Amino acid sequence: MEERRLTCIGCPMGCPLVVTMDGGDVVSVTGNTCKRGEIYGRKEVTNPTRIVTSTVRVSGGSIDMVSVKTKEDIPKGKIFDCVKALKTVEVAAPVHIGDVIMKDVAGTGVDVVATKNVE
């Protein structure tokens, strides 16, 4: 049996988790004080994902950049592909919160949306 020690990021508590695995199967998750901890621990050792935040260039706007994020979490292994794809993007003002800046970023099926208004 293998044990993995993690710090949960499912809520502000930051519980120290111990995930016990048998091969690729999760046997148990301990140390969590809420259900989100167990869900996070299982997901983190089998299929880790993250929300990606970044910026993209804006042309003709009141500022030169707009903050963006993935609408959902993406596989951890696709983060650098996502950031690389966003480096090539430039959008025209105006930009509004929630506008889709890039569809299906890095082949993940997840869109990138604006998190700030730029007039």
Side-chain angles (χ1 to χ4, degrees):
M1 298 251 196
E2 176 189 357
E3 283 189 354
R4 291 225 188 133
R5 297 185 180 279
L6 309 168
T7 300
C8 182
I9 60 172
C11 79
M13 292 289 291
C15 296
L17 304 178
V18 178
V19 181
T20 305
M21 300 179 67
D22 186 7
D25 297 327
V26 176
V27 176
S28 68
V29 178
T30 58
N32 54 302
T33 56
C34 70
K35 186 170 181 147
R36 286 183 282 183
E38 181 171 355
I39 293 167
Y40 171 78
R42 288 179 180 278
K43 186 176 175 185
E44 184 65 12
V45 298
T46 58
N47 183 28
T49 59
R50 297 290 186 274
I51 297 281
V52 175
T53 60
S54 188
T55 56
V56 297
R57 287 185 285 281
V58 177
S59 61
S62 56
I63 56 176
D64 294 335
M65 304 289 276
V66 65
S67 56
V68 297
K69 73 177 193 86
T70 53
K71 198 169 184 176
E72 300 168 18
D73 47 354
I74 65 170
K76 195 172 174 182
K78 290 281 194 170
I79 291 173
F80 290 114
D81 295 336
C82 176
V83 173
K84 185 176 179 183
L86 289 172
K87 283 186 177 196
T88 66
V89 175
E90 184 170 330
V91 295
V95 180
H96 299 98
I97 294 172
D99 286 354
V100 175
I101 303 300
M102 177 179 271
K103 288 191 159 294
D104 187 24
V105 66
T108 61
V110 175
D111 297 340
V112 173
V113 296
T115 60
K116 179 178 178 120
N117 291 323
V118 178
E119 299 303 324

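Remember, it's a predicted structure, so these values are computed and weren't measured experimentally.
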> Taking a hydrophobic cluster as the set of Ile, Leu, Val, Met, Phe, Trp and Tyr residues connected by side-chain heavy atoms closer than 4.5 Å, whether directly or through intermediates, do Val105 and Val89 fall within one such cluster?
Replying inline: yes
> Of all heavy-atom pairs between Asn32 and Val29, which one has the smallest distance, and what is that distance?
Replying inline: OD1-O, 3.6 Å
> Of all residues at least two apart in sequence or in a different chain, which pass the salt bridge (Lys or Arg N to Asp or Glu O under 4.0 Å) check with Asp81?
Replying inline: none
> Would you call Thr108 and Pro75 a side-chain contact if the rule is heavy atoms closer than 4.5 Å?
Replying inline: yes
> Would you say the side chain of Leu17 lies within less than 4.5 Å of the side chain of Tyr40, judging by non-hydrogen atoms?
Replying inline: yes
> Which heavy-atom pair separates Val118 from Met65 by the least distance, and what is that distance?
Replying inline: CG2-O, 4.1 Å
>> Please evaluate residues Val45 and Leu6 with respect to the criterion side-chain contact (heavy atoms from CB on, under 4.5 Å), reporting the C-alpha separation (whole Å), side-chain torsions for both, the decisive distance (0.1 Å), and the verdict.
In response: CA-CA 9 Å; Val45 298; Leu6 309 168; 4.1 Å; yes
> For the residue pair Gly10 and Arg36, what are the closest heavy atoms and their distance?
Replying inline: O-NH1, 3.6 Å
> Which heavy-atom pair separates Thr33 from Cys15 by the least distance, and what is that distance?
Replying inline: OG1-SG, 3.2 Å
> Is there a donor-acceptor pair closer than 3.5 Å between any side-chain N or O of Asp22 and the backbone N or O of Met1?
Replying inline: no
> Out of curiosity, does Val95 fall in the hydrophobic cluster containing Val52 (side-chain heavy atoms, cut-off under 4.5 Å, transitive links)?
Replying inline: no
> If every non-hydrogen atom of Lys87 is compared with every non-hydrogen atom of Arg57, which pair is closest and at what distance?
Replying inline: O-NH2, 2.8 Å
>> Please report the interatomic distance SG(Cys34) to CD1(Ile39), rounded to the nearest 0.5 Å.
In response: 8.5 Å
> Okay, side chain of Thr7, backbone of Gly14: is any donor-acceptor separation there less than 3.5 Å?
Replying inline: no
> Is the NZ atom of Lys69 crowded by more than 12 outside heavy atoms at less than 6.0 Å?
Replying inline: yes
>> Under 4.5 Å between side-chain heavy atoms, counting indirect links through other Ile/Leu/Val/Met/Phe/Trp/Tyr residues: same cluster for Val110 and Leu86 or not?
In response: no
> Are Ile9 and Val26 connected in the hydrophobic side-chain network, where two residues link if heavy atoms are under 4.5 Å apart?
Replying inline: yes
> Under the criterion side-chain contact (heavy atoms from CB on, under 4.5 Å), which of Thr115, Val68, Val113 is the partner of Ile101?
Replying inline: Val68
>> Going by side-chain contact (heavy atoms from CB on, under 4.5 Å), name the residues that satisfy it together with Asp64, two or more places apart in sequence or in a different chain.
In response: none
> Going only through I, L, V, M, F, W and Y residues with side-chain contacts under 4.5 Å, is there a path from Ile97 to Val56?
Replying inline: no
>> Do Asp73 and Arg50 have side chains that approach each other closer than 4.5 Å (heavy atoms only, starting at C-beta)?
In response: no
>> Just so I know, are the side chains of Ile63 and Lys116 near enough to count as touching, which here means a heavy-atom distance under 4.5 Å?
In response: yes
> Do the side chains of Ile74 and Cys82 get nearer than 4.5 Å, heavy atoms only?
Replying inline: yes
> Can you list the residues that meet the salt bridge (Lys or Arg N to Asp or Glu O under 4.0 Å) rule with Lys103, with sequence neighbours excluded?
Replying inline: Asp111
> How close do Glu72 and Ile51 get, heavy atom to heavy atom, and via which atoms?
Replying inline: C-CD1, 3.3 Å
